[in-house]
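Report on one structure; see the data block that follows.
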Amino acid sequence: MSELLPHPVTGAPFASPVEPGTGWPDDLASAETPVARTAAQVRRLAKGAADQELDARISVCRACPRLVAWREEVATSKRAAFADQPYWGRPVPALGPPDAPVVIVGLAPAAHGANRTGRNFTGDRSGDWLFAALHRAGYASQPESWAAGDGLTLDGVRIIAPVRCAPPQNKPTTAEKQTCAPWLDADLARSAPFVRSIMCLGAIGWDATIAGVRHAGWEVPRPKPQFGHGSRAVLRTPEGREVELVGCYHVSQHNTQTGRLTEAMLDEVIGSL
């Protein structure tokens, strides 16, 4: 076990990676939560899980050996700036209410962001941009988020990722994306009765969302809609409801620092949801 270090909000001591059921803010898992260790087990455990149980099962998944090894290596080696903090070092479940009318689909946790804090987009520059924009639009209770338990709440929006573990070089393999897909399918199914818009940050989120809703029997335009900033397509649920799919450049440092994505561009897309 690694050295116990204080959580930056609560001060409670935790090892890195964090053991389930030890009191990390918003951790829904326990020592009894079933753990998926293969792709087949992911498919089985993703089906039929209730809201909080789904998030708990996602947060203890160990089905991709390369991702497990990487996320835990990062959690124990740490970045110097965070050497005095515990690292979550586990898969990251969705953030926000399950009945939100807006769903945002990202890519994967950042190694020293969500992999450290245990919460999507929390504790890194990408999250600074996203939460500030969500706050301006009235979806977030505060303009920044730096740790689980810091007081942030989301209203009307839910954030999920196609890949739940931080991948090396931010590049999950095709097999890893396929293994993780049933978790996304289950999250999208949970949101289906309520969602009106799905905003995809980047082409990977766009493609994963289209694949996920097709698995669920939704109608998707053909030919397949192509991703672009501001791209839009109308999806139709099996019940006949229309849901708008909206593309947005990812809030990565590369995009925001080079000006490919500006605050005005991000605000325009979010404001249209």
Which donor-acceptor pairs under 3.5 Å do the side chains of residues 91-114 make with protein atoms, sequence neighbours left out?
unit_1 : atom_1 : unit_2 : atom_2 : d
H112   : ND1    : Y87    : OH     : 2.8

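Residues P238 and A216 share a closest heavy-atom pair of CG-O, 3.6 Å. In terms of heavy-atom proximity, P172 sits nearest to R66 at CA-NH2, 3.9 Å. Closest non-hydrogen pair, R116 versus G123, comes out as NH2-O, 2.9 Å.
Within 6.0 Å of atom CD in Q52, 12 or fewer heavy atoms from other residues, nucleotides or ligands are found, so the atom counts as exposed in its surroundings. Counting non-hydrogen atoms of neighbouring residues, nucleotides and ligands closer than 6.0 angstrom, the CD atom of Q253 exceeds 12 such neighbours.
When atom types are taken as modelled, the side chain of T117 and the backbone of T122 share a donor-acceptor pair closer than 3.5 angstrom. Looking at T10, its side chain never comes within 3.5 Å of a backbone N or O of H7 through a donor-acceptor pair. Counting only distance, with no hydrogens or angles, the side chain of N255 and the backbone of H250 share a donor-acceptor pair below 3.5 Å. Side-chain N or O atoms of R196 include one that pairs as donor or acceptor with a backbone N or O of L273 at under 3.5 Å.
A side chain to side chain contact (heavy atoms under 4.5 Å, CB included) with S126 is found for exactly one of L201, V251, T256, namely V251.
In this structure, the side chain to side chain contact (heavy atoms under 4.5 Å, CB included) partners of A40, at least two apart in sequence or on a different chain, are T38, R43. Applying the side chain to side chain contact (heavy atoms under 4.5 Å, CB included) rule to C180 yields the partners R164, W183; only residues at least two apart in sequence or on another chain are considered.
For the pair D55 and R190, the salt-bridge criterion is met [side-chain N within less than 4.0 Å of a carboxylate O].
V18 and W70 fall into different hydrophobic clusters, where Ile, Leu, Val, Met, Phe, Trp and Tyr are joined by side-chain heavy atoms under 4.5 Å apart, directly or via other members. Hydrophobic clustering, with ILVMFWY side chains joined whenever heavy atoms are under 4.5 angstrom apart, groups F121 together with L184. Cluster annotation: Y139 and I159 are assigned to the same hydrophobic cluster (Ile/Leu/Val/Met/Phe/Trp/Tyr, side-chain heavy-atom contacts under 4.5 Å, transitive).
A perpendicular orientation is assigned to the rings of F227 and W206, their planes being inclined by more than 60° (bins at 30° and 60°).
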Please determine whether side-chain contact (heavy atoms from CB on, under 4.5 Å) holds for the pair L152 and W146, giving the CA-CA distance in whole Å, both sets of side-chain angles, and the decisive distance to 0.1 Å.
CA-CA 9 Å; L152 174 85; W146 54 279; over 6 Å; no
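The closest side-chain donor-acceptor pair between R119 and S145 falls under 3.5 angstrom.
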